Amino acid sequence: MKKQTNKAGQDKIDLQALKESETRFRSIVLWSPDAIIVTDAKGKIEYMNPAAERVFNRKVESFIGKDFGQPLVDGESTEVDIFRPGKDPGVGDMHVAEVEWLNKKAHLIIIRDITDRKRAEEALSVSEVRYRQLFELAKDGILILDAETGMIVDVNPFLTEMLGFSHEQLMRKAIWEIGFFKDIASNQANFIELQRQGYVRYEDLPLETADGRRIEVEFVSNVYTVDHQKVIQCNIRDITDRRRAEEALQELKERFRQVAENAQEWIWEVDGDGLYTYASPVVEKILGYKPEEMVGTKHFYDLFHPEDREALKKSAFEVFAKKQSFRELMNRNVHKNDETVWLSTSGVPILDKKGNLLGYRGADIDITERKRVEEALKASYRFLQIAYSHMEISPLLEEFVKEIKNYTGCTAVGIRILDEEGNIPYQTYKGFSQSFYELESPLSIKSDKCMCINVIKGDVDPKLPFYTEGGSFYMNGTTRFLATVSEEEKGDTRNMCNKVGYESVALVPIRLKDNILGLIHIADPGEDMVPLNIVEVLEKAGLQIGTAILRKRAEEKLKKALLDLERSNQELEQFAYVASHDLQEPLRMVASFTQLLEKRYKDQLGQDAKDFIRFAADGANRMRNLINDLLAYSGVGARGKPLEPTDCHTVLGQAIVNLSMVIEENHAIVTSDELPTVMADASQMVQLFQNLVGNAIKFRGEESTRIHVSVEEKENEWVFSVKDNGIGIEAQFSERIFVAFQRLHSREKYPGTGIGLAICHKIVDRHGGKIWVESELGKGSTFYFTMPKRGGVK
Amino acid sequence: MNTEDKGEPFDILLVEDNPGDAKLALEALKVGRLRYEAHVVEDGKQAISFLRREGEYADAPRPDIILLDFNLPKKDGQQVLAEIKEDENLKCIPVVVFTVSKADEEILRAYDLRANCYITKPADIEQLFKIVRSIEDFWLTIVKLPA
Amino acid sequence: MINEGKIKLADILLVEDNPGDVRLAKEALKESKLLNKLYQVEDGIKAMAFLRQEGEYSDVPRPDLVLLDLNLPRKNGREVLAEIKADETLKRIPVVVLTVSRAEEDVLKSYNLHANCYISKPFDMEQFVKVVKSIENFWFSIVKLPPPGDK
């Protein structure tokens, strides 16, 4: 500053002005928020304002005289890093000016601490990058609209990709101008609405892409302000796949639900302890419990029948421990209403990724009905078996009682049989007390009144609830029932069963068609032991018992008759045998001595005497032959031996030996084919062949006798034939000749009693065969007989 | 051939209850050329007594051959046969069972009881004679009898 | 089977070691009406084996009649006779002792062993043949042989 002339006053005014100027500039410097530093030309710090202290976080004193340390170029503004102890480095905006300071060259450095601003800028920059990146790289489509104009301001690559439109196609267009957005904002009005709503969300919006694909998107839009400008940001997510997955899942769920609810099986899941975690609604139908009553509350073993529970529980957990699947295990359960339900259970283990058991899931089928049917079938079959066994009536009935008891599970079963006097005593019983038996057994249909009597008489009215179509009486709670009946209605029925404590009673008739032979009495102190389906099975048993009894009775009668017949036959044959034997002897005497007489004294006898003797001897001989024949004939059955393998060559041979004389005398030739071995009585076979061959010789023709024995093998029998070239037999007599003592010729011409063929017939008959003849008068005969093939012989 | 016969007649014991049959047998024997003496007993008991020379049969000769009918009263033929063949002294005497029955069981039983042979009595007298003669021929001329 | 006037009737077992006698026996039987099959063994051991149907004799039939010589090698006829008559199933088979010996004790011993009959072989050939024929005739036409039973 230059000195002024008005010295004193001028000086005073100048001083004042200087002071004011100084103060002014001092304030500026002192109060400047920016750091002001003055260095000499070389950079040595001569002055620092308080702000510099703050900026550098050091006391001014420490700086004065120190080198600034930074190249100073006048007129430059640079960004510098500020290092300050105790604080993070900062950033400053440094401006250097060359000035004159106290008449020297100096640098005036002004440093503005722009650390915060820088940070903010950086942060903003980072943030901007970040957000830009998000926008660019987002896996959702982002659309930015100008809220006022509806113009698309920005579109991220994902969206262009998704929609198949290019960035250019979309930018600067109004949203409603883009076809596919029409759904959202088909016109400006809608758009305004959109704008107004602020937040809009479409869960599920169908859009069409540039190439015509339909996709589904989730559309969320938000309105907010940026730089005083309202924008709408739309986030668009392609949820097509998700949708599809959702739909598939939904379908699956629906499928499962339908299956679970409509299947016969009920589907369940339990945890590792057996506690139900899921039960399909069908369970209510099967076990009476709603799913809610089971899930989280019941264990699977809580439903088992108490008798089976421990054992089943044990084996179930053994399976759990082994993590095995199981199929169709049958188990007895208890319905909510206490009835027994049989289930067939299948299940598979649920394992986590490590293979640990989480629980089981499976399905059960109600097989109660099936089991009932099975039991009924088994019982029916068993009844049938018993009915057709070879047991006598008493043990038969006992078996039935046992089986009925087994099938029904009732404590007492008895069978009453009607006898000729009208009594219906118990033939057999099990489970009734002795006193009951003694009291109840002697009932009679003639004198007593009782349900038993009604059933046996067939006095049942199927319209009443305790009678069946099959004629049975059944009641599953006698006390309950009687309580509903008035005293008069009860009348004089004895109700003995109820008095003794039987709640379940059934009386099932034993019948053969309409003929009632007795009844089955079933009783149990428990209720509901004889439901209708069981009674119906028992009615079948009743039929079978009836059939069996009648059959056995018939068999017994038959047996007895046969025995009687047998005995009578034997007596007869015995008689015939003895008689014949004893008759033989005197005859022999007569025959022998008349012969002797004739021989010894023939020279002394006149012709008459000779004739007399001859007739006598003849008679005796004939009688002897007749007796022999009778003996032979009766002997076929009576003295027949058991059948054994017999070689027909041997027996034919023997027959021929026996006929050797007569064969020789007649120069007969007997031939045969290969003959088989048959099951026969050998001596009778000899007799058979002997008679047939003998006959063939006896009834010989003119030419020399030729007899041929042959055999034909059939599937089940042998057909023998004895063919001769004798006189033959007229067809009309072909059957008569087999009758005892039937002769076709006079005794003079052809001797014989006429029993030979009858014996043959009897022998063949005894062996189970048939005998017949084919013949033509004058041309010879062929006698055929069959021998059945029996076991043991080919 | 019994060429060493001492000139004594053969003793034939006939065990037969039927006098008719006995007579016939004797008649048949008569026809032969051999010298013989026939002794007839009517039942098994007598037969045994004869053979053991008991009672009235104390002087009975030892038969060279026995013709035994099975149909006997009192002791039946099979029993007699058994007793004879079990007796040390008597068992060597040939016993020809000569009876009515043809039954296999009887025949078998006879052989099992040690009958020397079994022959069925024929009804025909011619046959009867023939057979008796054959017995005579075979047993008394061909066979060597025990002394 | 054709009947040529001969009928198979029975089986005879000839226990004889003398081939000459065997031949004669065969000749004698050839002439008869009855066709009997003659089997022959030459010693007692074979005889028993035959009767018991053992070894090489497993297929032979049970003979209906045994003609037994007492003088046999290896096992003599007396032993054979005793064995046969001691055997439950064989004892019923008629055994005709046909041997040289005329000795009383041989005769008695044989009968005591239950020989069915004892015949001493004649010296004369012709007689021998006659004897065999008589045996055959008596035992197969007159006598009822024991029934076959269990052959």
Side-chain angles (χ1 to χ4, degrees), chain B residues 1-4 6 64-66 70 81 84-122 127-147, chain C residues 64-65 70 81 84-124 126-150:
Chain B
M1 303 253 187
N2 277 320
T3 47
E4 294 103 28
K6 300 175 187 123
D64 293 296
I65 187 166
I66 302 171
F70 265 1
L81 174 59
I84 295 173
K85 288 300 179 179
E86 274 161 28
D87 186 314
E88 280 304 311
N89 297 319
L90 304 174
K91 70 183 183 180
C92 58
I93 306 175
V95 176
V96 173
V97 174
F98 189 49
T99 188
V100 188
S101 170
K102 295 190 247 200
D104 284 348
E105 309 89 67
E106 304 244 338
I107 300 173
L108 187 59
R109 189 109 179 86
Y111 281 104
D112 276 345
L113 289 172
R114 313 283 188 198
N116 293 66
C117 63
Y118 185 110
I119 297 174
T120 306
K121 249 187 243 180
Q127 289 292 325
L128 182 71
F129 273 44
K130 189 165 150 224
I131 285 173
V132 171
R133 296 286 314 287
S134 301
I135 296 172
E136 198 189 358
D137 277 344
F138 187 78
W139 283 97
L140 304 181
T141 62
I142 304 215
V143 164
K144 217 161 157 50
L145 296 167
Chain C
D64 298 289
L65 185 76
L70 290 180
L81 174 60
I84 292 173
K85 290 299 179 179
D87 184 309
E88 274 306 305
T89 50
L90 301 175
K91 71 183 181 184
R92 63 181 65 140
I93 305 175
V95 178
V96 174
V97 172
L98 182 61
T99 192
V100 184
S101 168
R102 299 173 136 56
E104 292 290 350
E105 39 172 304
D106 282 335
V107 175
L108 188 58
K109 269 208 191 115
S110 299
Y111 278 107
N112 277 335
L113 288 172
H114 300 294
N116 293 67
C117 60
Y118 186 109
I119 298 174
S120 26
K121 282 185 202 173
F123 299 115
D124 187 60
E126 256 185 61
Q127 291 297 335
F128 184 81
V129 168
K130 262 202 188 145
V131 161
V132 172
K133 281 189 182 168
S134 305
I135 294 171
E136 197 198 17
N137 184 51
F138 184 76
W139 285 95
F140 294 108
S141 303
I142 308 288
V143 165
K144 282 259 179 303
L145 291 169
D150 39 346

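Remember, it's a predicted structure, so these values are computed and weren't measured experimentally.
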Close side-chain approach of B/Y111 and C/N116, heavy atoms under 4.5 Å
yes

Hey, could you give me the CG/NZ distance between B/L113 and C/K91, rounded to the nearest 0.5 Å?
7.5 Å

For C/P146 against B/I107, the heavy-atom pair lying closest together
CA-CG2, 3.9 Å

Exceeds 12 heavy-atom contacts within 6.0 angstrom, atom CD of B/Q127
yes

Which residue out of B/K91, B/R114, B/K130 racks up the most heavy-atom pairs below 4.5 Å with chain C?
B/R114

What part of C/L113 gets within 4.5 angstrom of chain B, counting heavy atoms only: side chain, backbone, both, or neither?
neither

What is the minimum heavy-atom distance between C/Y111 and B/V143, and which atoms define it?
OH-CG1, 3.0 Å

Need one label for B/E88: side chain, backbone, both or neither, based on atoms under 4.5 Å from any heavy atom in chain C.
backbone

Nearest non-hydrogen partners of C/V143 and B/C117, listed with the distance:
CG2-CB, 3.8 Å

Toward chain C, the part of B/A115 with a non-hydrogen atom under 4.5 Å
backbone

B/I135 portion near chain C, given a 4.5 angstrom heavy-atom threshold:
both

Which value, rounded to the nearest 0.5 Å, describes the distance between C/K133 atom NZ and B/I142 atom CD1?
12.0 Å

Parallel, tilted or perpendicular: ring planes of B/F138 versus C/F138, cut at 30 and 60 degrees:
parallel

Which bit of C/K85 is near chain B, if near means a heavy-atom gap under 4.5 Å: side chain, backbone, both or neither?
both

Drop me the distance from B/I131's CD1 to C/S141's OG, to the nearest 0.5 angstrom.
10.0 Å

Top residue by heavy-atom pair count (under 4.5 Å) with chain C, among B/D104, B/D137, B/V95?
B/D104

Between CD1 of B/I119 and CH2 of C/W139, what distance do you get to the nearest 0.5 Å?
8.0 Å

From B/T120 OG1 over to C/I142 CD1, what is the distance, rounded to the nearest 0.5 angstrom?
11.0 Å

Measure the spacing between NZ of B/K144 and CD of C/E104 and express it to the nearest 0.5 Å.
5.5 Å

